[in-house]
Visitor: 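Got a structure for you, written out below as structure tokens; questions coming shortly.
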Amino acid sequence: MANGRYRVLLKHPHRPTEPGQWFDVPYSVIIEEPNLSGIAMVWWAPSYDSRDGSMTPMWQHHY
């Protein structure tokens, strides 16, 4: 957590040797119910900028 928000370190799937980038997780996708696995999880899909290939996450809702 940083500044009261959840953050996640994600790596660009097509650039595995590059360091990951930290992203803030939007409140709208945080599930407030118990997690039976006991570990933190994030569901996301990459979105790529056509100009420079940079990646940003598209957050997935899973209930």
Visitor: Taking side-chain contact (heavy atoms from CB on, under 4.5 Å) as the definition, give me every residue that meets it alongside Thr56, ordered by chain and number, with sequence neighbours left out.
Guide: Ser47
Visitor: Specify the closest pair of heavy atoms between Tyr48 and Pro13, including all atoms of both residues, with the distance to one decimal.
Guide: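 Looks like OH-CG, 3.4 Å.
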Visitor: Grab the two heavy atoms, one from Val25 and one from Arg5, that are nearest each other, plus how far apart they are.
Guide: O-NH2, 3.2 Å
Visitor: Hydrophobic clustering (ILVMFWY, side-chain heavy atoms < 4.5 Å, transitive) - are Leu10 and Met58 grouped together?
Guide: no
Visitor: If two hydrophobic side chains count as joined below 4.5 Å and joins carry through other members, does Ile39 share a cluster with Leu9?
Guide: no
Visitor: Taking atom OG1 of Thr17 and atom NE2 of His12, what is their separation to the nearest 0.5 Å?
Guide: 11.0 Å
Visitor: Could you pull out the closest heavy-atom pair between Phe23 and Met55, with the gap in Å?
Guide: CZ-O, 3.8 Å
